[in-house]
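Take a look at the structure set out below.
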There are 2 protein chains.
Amino acid sequence: MDAKERLIEAAQDLLWDRGYTGTSPKAIQQQADAGQGSMYHHFAGKHELAHAAITRSARQLRAEAELAFGVEGAAMEKIGAYLTRQRDVLRGCRIGRLAADPDIIAAADLREPLVSTFRWLEGELASLIEDGQATGEFSAQLDPTTVAAAIVATVQGGYVLARAAADPEQFDHAISGLMTLLKGNAA
Amino acid sequence: MDAKERLIEAAQDLLWDRGYTGTSPKAIQQQADAGQGSMYHHFAGKHELAHAAITRSARQLRAEAELAFGVEGAAMEKIGAYLTRQRDVLRGCRIGRLAADPDIIAAADLREPLVSTFRWLEGELASLIEDGQATGEFSAQLDPTTVAAAIVATVQGGYVLARAAADPEQFDHAISGLMTLLKGNAA
DNA sequence: GTCTATACGGGGATAGAC
DNA sequence: GTCTATCCCCGTATAGAC
């Protein structure tokens, strides 16, 4: 693997664990086993490297979610597969995590992968809810868009609760509560 | 107001906006209009000052939530009052925000106010749900504990979505979806 | 492409004077 | 209690050699 590649992966890793503010060029170089000159040859600076890393993390996250949505079954099963998919809960969401970082929020290009990832996710979930309404699986009273937002928010918040408590089960509790609420809204 | 007080308030503010990693002693001193010597006279260092600030923020958050829970009405109205209370959405949650910070998570004493705040909040909400079940307002099928966790998670995640999109309405969507789900679980 | 040298301000704190 | 001086390493680059 060439240095450029290693730098991007190291940046992905560090951004996930420490955010943008907490990640220094030097730390990235060390983890990538690349020199100062190498990094600044391939990227204009921390900002540009972070952009490459975040963009790639967003693509990966989306691919993983697509995998969960691809299971066979009715709408609720697909949603359930997404909600209960394997996650490194205490590490948090590599995309949602960045929303806490003031420097990410302040830079439109760094924030963009966050917006589009969440917008896409909510769209997928909203479609599933509509499907479920068409087949009589969900109550027609539900507004697919806002319910989808609530689902995504519960996942993101589940990470927050789990990390605050240093206990992955807190994530599962939130998801479990959400699934009960969803199932109580059968047609 | 004395310097010590100003330092704590400045630290609360900066921690809210920039997190622990993103907040420097120098920045706190400047915002508090206090000198280096003053800060290190009153506090052993950044860590100790942050502890004072976080503890106080947690108390304030709790007081604000108590106010919302205090409205007259049935369980769903109290929950609704909490969910729709005035918030500076794009600024995020001053407590939940810290869960993204690796240095906070690594320091048990800094993390403690986060755990206890969320535990308390979930407890209050779980009680309300039980009340609602007793009066026939909510379905007996609901598990008060996990549903309470889902509610708190949705709020925390709502902040994440809103900040990612730089749009406060994303918070409202998530809350609105959650309230629909709750109301669909009437007894 | 990668290395080393150099730069300058900031992060986080200690020491001693007033 | 607060001020100023001082410390040392880190953050974030740029410059030029190889």
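All figures in this text were calculated on a predicted structure; none of them were measured in a lab.
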> At what angle, to 10 degrees, do the two end axes of the helix from C/dG1-D/dC18 to C/dC18-D/dG1 meet, given five pairs define each axis?
Replying inline: 0°
[X] NZ/CZ over [Y] ring centroid, <6.0 Å and within 45° of normal:
X	Y	value
A/Arg87	A/Tyr82	yes
B/Arg91	B/Trp16	yes
B/Lys4	B/Phe43	yes

Among the nucleotides [options], which one has an atom lying closest to any side-chain atom of [X]?
X	options	result
B/His41	D/dT12, C/dG12, D/dG1	D/dG1
A/Ser38	D/dG11, D/dT2, C/dC3	C/dC3
B/Ala3	D/dT2, D/dT14, C/dG12	D/dT2

From [atom1] of [X] over to [atom2] of [N], roughly how many Å is that when rounded to an integer?
X	N	atom1	atom2	result
B/Lys4	D/dG1	NZ	C1'	12 Å
A/Ile28	D/dC10	CD1	P	16 Å
B/Gln36	D/dC7	CD	P	15 Å
A/Phe43	D/dT14	CZ	P	15 Å
B/Asp33	D/dG1	CG	P	18 Å
A/Gln30	D/dT12	CD	P	13 Å
A/Tyr40	C/dC3	OH	P	15 Å
B/Glu48	C/dA13	CD	P	11 Å

> Taking atom types as modelled and ignoring hydrogens, do the side chains of A/Thr21 and B/Thr21 form a donor-acceptor contact shorter than 3.5 angstrom?
Replying inline: no
> Going by the angle between their ring planes, with limits at 30° and 60°, are B/His47 and B/Tyr20 parallel, tilted or perpendicular?
Replying inline: perpendicular
> Below 4.0 angstrom from OP1 or OP2 of D/dT2, is there any side-chain N or O of B/His42?
Replying inline: yes
> Can you tell me if the side-chain N/O atoms of A/Lys26 get under 4.0 Å from OP1 or OP2 in D/dG11?
Replying inline: no
> Are the side chains of B/Arg6 and B/Asp2 in touch, meaning some heavy atoms are under 4.5 Å apart?
Replying inline: no
>> For A/Ala100 versus B/Ala100, what's the shortest heavy-atom pair and its separation?
In response: CB-CB, 3.8 Å
>> Using a 4.0 Å heavy-atom cut-off, does B/Thr21 contact any base of the nucleic acid, only the sugar-phosphate backbone, or nothing at all?
In response: nothing
